[in-house]
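What follows is a short report on a single structure.
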Amino acid sequence: MDLRQRHIPVMLNEVLKYLAPQDGKTYVDATFGNGGYTTAILESADCKVIAIDRDPTVLKRAQEVKDKYGHRFEFVSGCFGNLRNLILESVDGFVFDIGVSSMQLDDADRGFSFSKEAPLDMRMSLSGISAADIVNNAEEKELADILYTYGEEKKSRQIARKIVEYRKTKPIETTTELAEIIYSIIHKNFGQINPATRTFQALRIAVNEELNELKNGLSAATDLLKPNGRLVVVDFHSLEDRIVKKFFNEKSGKTNGVSRYMPQTKNDTDAIFEVISKAVSPSDKECEQNNRARSAKLRYAIKKGVNND
């Protein structure tokens with residue numbers, strides 16, 4: 001499988017449909033990765049794209065895009081949670097592809113995958129606290145809380161206890177070493193999700209502070225959008241999607257009813273977005289062609305336009 005096959009941008013057609021790029025406008029690809037969304041946006045209209053990524057390994061690819069599109073493309077190193085300090089102008093649209101990229105998963109040395117032996121790293125930025133630091137130094141309760149909160153792992157306490165017991169003899173250094181500890185608690189069954197999936201997800205989210213970065217990024221993007229600007233978010237698991245859905249509802253003026261039997265109400269005076277979507281799912285065809293798409297959901301919102309009254 002070559003790079004073009006592996007690094008397929010998820011829900012690309014839907015992203016273009018709801019972002020609706022136009023000539024002369026400026027858009028931000030907040031999660032550049034291999035540049036799939038960026039290049040598609042640049043090809044779809046005579047516009048400008050500012051791309052952001054915290055991963056230093058994407059710089060070579062960013063330069064390739066710069067060489068091709070010139071002044072229409074700008075790359076900024078950093079995390080989208082810091083958007084307010086990275087983007088210094090109002091823009092017409094944002095797109096976010098949340099979570100680990102297929103490039104990072106496919107690079108065994110990055111330590112994101114339990115199926116490939118590698119140092120237990122998981123740092124998207126290649127700096128800061130690693131997954132090994134957390135696994136080998138966190139208190140048992142803290143470990144259990146991380147696994148339960150970020151991975152929704154029902155056996156978080158048992159796994160945390162086993163990790164603490166194991167590390168008394170030696171540090172946990174590799175992905176496969178951690179996976180085997182998990183398998184001793186939850187046995188692998190053919191055809192079912194790998195038991196290490198939720199623990200690895202939890203550690204990755206903790207290492208990269210992904211949920212806080214998402215909240216900060218959505219808030220900043222909303223402020224930086226011009227009137228009628230569009231915010232498109234593709235996410236891949238329930239924790240992310242709850243944050244996106246709640247944020248869009250709040251910024252569109254929706255509030256929860258006083259009980260579950262009463263509908264949501266809407267306060268137009270508080271609304272920043274005038275249109276928000278329900279979750280959009282990938283097509284069956286895309287899911288067949290790209291496994292990563294199967295858990296994807298897309299949500300988008302359009303900022304209120306200028307009131308001419």
Side-chain angles (χ1 to χ4, degrees), residues 9-22 24-33 36-38 40-41 44-45 47-52 79-84 86-87 89-99 210-257 263-283 293 295-308:
V10 173
M11 299 187 75
L12 178 58
N13 292 335
E14 291 84 354
V15 166
L16 292 176
K17 175 182 177 181
Y18 297 116
L19 188 65
Q22 298 178 32
K25 304 289 189 179
T26 299
Y27 301 93
V28 174
D29 181 352
T31 47
F32 177 73
Y37 290 153
T38 287
I41 294 166
S44 66
C47 59
K48 177 183 176 181
V49 173
I50 304 171
I52 299 169
C79 180
F80 60 69
N82 194 33
L83 268 176
R84 285 187 174 87
L86 300 177
I87 304 297
E89 60 184 288
S90 297
V91 301
D92 300 284
F94 279 88
V95 60
F96 291 78
D97 177 359
I98 307 302
E210 292 178 39
L211 300 187
N212 283 334
E213 296 293 348
L214 175 57
K215 293 174 185 177
N216 293 337
L218 292 174
S219 178
T222 301
D223 292 342
L224 289 165
L225 276 177
K226 295 178 181 178
N228 298 311
R230 293 172 177 243
L231 175 55
V232 180
V233 184
V234 179
D235 60 55
F236 294 88
H237 63 72
S238 58
L239 294 176
E240 298 166 346
D241 195 57
R242 276 184 227 135
I243 290 172
V244 178
K245 180 180 180 181
K246 181 181 178 183
F247 181 84
F248 279 2
N249 282 337
E250 289 176 350
K251 296 302 181 181
S252 65
K254 288 185 178 179
T255 56
N256 290 323
Q264 285 184 323
T265 59
K266 185 171 182 178
N267 184 348
D268 289 333
T269 60
D270 296 332
I272 295 174
F273 293 126
E274 60 183 352
V275 175
I276 61 168
S277 73
K278 294 182 178 180
V280 179
S281 298
S283 67
S295 60
K297 289 183 179 179
L298 180 151
R299 296 182 188 270
Y300 73 94
I302 302 175
K303 195 169 183 178
K304 274 189 170 183
V306 177
N307 190 339
N308 295 318

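Quantities reported herein were computed from a predicted structural model and do not represent experimental measurements.
Between S281 atom OG and E14 atom CD the span is 9.5 Å, to the nearest 0.5 Å. From K245, atom NZ reaches atom NZ of K297 across 8.0 Å, with rounding to the nearest 0.5 Å. One finds the CG atom of D241 at 10.0 Å from the CG atom of L214 (value rounded to the nearest 0.5 Å). Here D223 contributes atom CG and R84 contributes atom CZ; the two are 4.5 Å apart, rounded to the nearest 0.5 Å. We find the NZ-NZ distance between K246 and K215 to be 7.0 Å, quoted to the nearest 0.5 Å.
Residues D235 and R299 are not paired through a salt bridge, judged by the lack of any N-O separation under 4.0 Å between the basic side chain and the carboxylate.
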Passes side-chain contact (heavy atoms from CB on, under 4.5 Å), K278 versus F248? Steps please. CA-CA 10 Å; K278 294 182 178 180; F248 279 2; over 6 Å; no

List the steps, then state whether side-chain contact (heavy atoms from CB on, under 4.5 Å) holds for S44 with L16. CA-CA 8 Å; S44 66; L16 292 176; 4.2 Å; yes

For K303 and K251, what are the C-alpha separation, side-chain angles and deciding distance, and is it a side-chain contact (heavy atoms from CB on, under 4.5 Å)? CA-CA 9 Å; K303 195 169 183 178; K251 296 302 181 181; over 6 Å; no

Could you please spell out the steps behind the side-chain contact (heavy atoms from CB on, under 4.5 Å) verdict for I276 and N249? CA-CA 8 Å; I276 61 168; N249 282 337; 3.4 Å; yes

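Using a 4.5 Å heavy-atom cutoff, the side chains of D92 and R230 are not in contact. Y37 places a side-chain heavy atom less than 4.5 Å from the side chain of V234. Within the 4.5 Å cutoff, no side-chain heavy atoms of L298 are placed close to those of V233. At least one side-chain heavy atom of M11 sits under 4.5 Å from a side-chain heavy atom of V280. Side-chain contact between I41 and C47: present, with at least one pair of heavy atoms (C-beta onward) separated by less than 4.5 Å. Counting heavy atoms from C-beta outward, F80 and L86 have side chains that stay 4.5 Å or more apart. The side-chain heavy atoms of K226 and V91, taken from C-beta on, include no pair separated by under 4.5 Å. Here the side chains of E89 and I50 are in contact, with some heavy-atom distance below 4.5 Å.
For the pair A51 and F32, the tightest heavy-atom approach, listed with the atom from each and the gap, is CB-CD1, 3.4 Å. Here the closest heavy-atom approach between residue P282 and residue A296 is recorded as CD-O, 3.3 Å. Closest heavy-atom contact between L12 and A40: CD1-CB, 3.5 Å. The two residues N228 and G305 come nearest to each other via the heavy atoms OD1-CA, 3.3 Å.
Of the listed residues (D29, L19, L83), just one forms a side-chain contact (heavy atoms from CB on, under 4.5 Å) with F94, and that residue is L83.
A distance-only check finds a donor-acceptor pair linking the side chain of S295 to the backbone of F236 [under 3.5 Å]. Between the side chain of T222 and the backbone N or O of L218, at least one donor-acceptor pair lies under 3.5 Å.
Ring geometry for Y300 versus Y18: interplanar angle under 30°, hence parallel rather than tilted (30 to 60°).
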